[in-house]
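Reading through the structure tokens given below for one structure.
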Amino acid sequence: MEANKCIECSIVNCKHHAQSVNYCTLDKIKVGTHEANPTDKQCTDCDSFDLK
Ligand code: SF4
């Protein structure tokens, strides 16, 4: 899978991470939240994350 230069990511324990470079390999990702009223970046999640 090729690095998608439009999606920077440092989550190397995700199976979609390019590993050798800090990019995602998916064509697109979904960003979501686990909060009812997100007010900070810590409130956001990559919903496309999959544990390697
Ligand atoms: S799916 Fe999300 S967490 Fe996983 S490599 Fe892509 S951007 Fe990072």
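The structure presented is a predicted model; accordingly, all values stated were derived computationally and were not measured. As a basis for the values below, the full set of heavy atoms in this structure was taken, side chains included, without hydrogen atoms, waters or symmetry mates. All ligand and atom numbering here is 1-based and tracks the order in the structure.
At least one donor-acceptor pair closer than 3.5 Å links the side chain of Asn4 to the backbone N or O of Cys6. For the pair His16 (side chain) and Phe49 (backbone), a donor-acceptor distance under 3.5 Å is absent. Put simply, the side chain of Ser48 gets close to the backbone of Lys30: a donor and an acceptor are under 3.5 Å apart.
The neighbour count for Glu2 CD, taken as heavy atoms of other residues, nucleotides or ligands under 6.0 Å away, does not exceed 12. Annotation: Asp40, atom CG; neighbour count of heavy atoms from other residues, nucleotides and ligands within 6.0 Å is above 12.
Closer than 2.8 Å to atom 2 (Fe) of ligand 1 sit the protein N, O or S atoms Cys46 SG.
Residues Ile7 and Val31 share a single hydrophobic cluster, defined by chaining ILVMFWY side chains whose heavy atoms lie under 4.5 Å apart.
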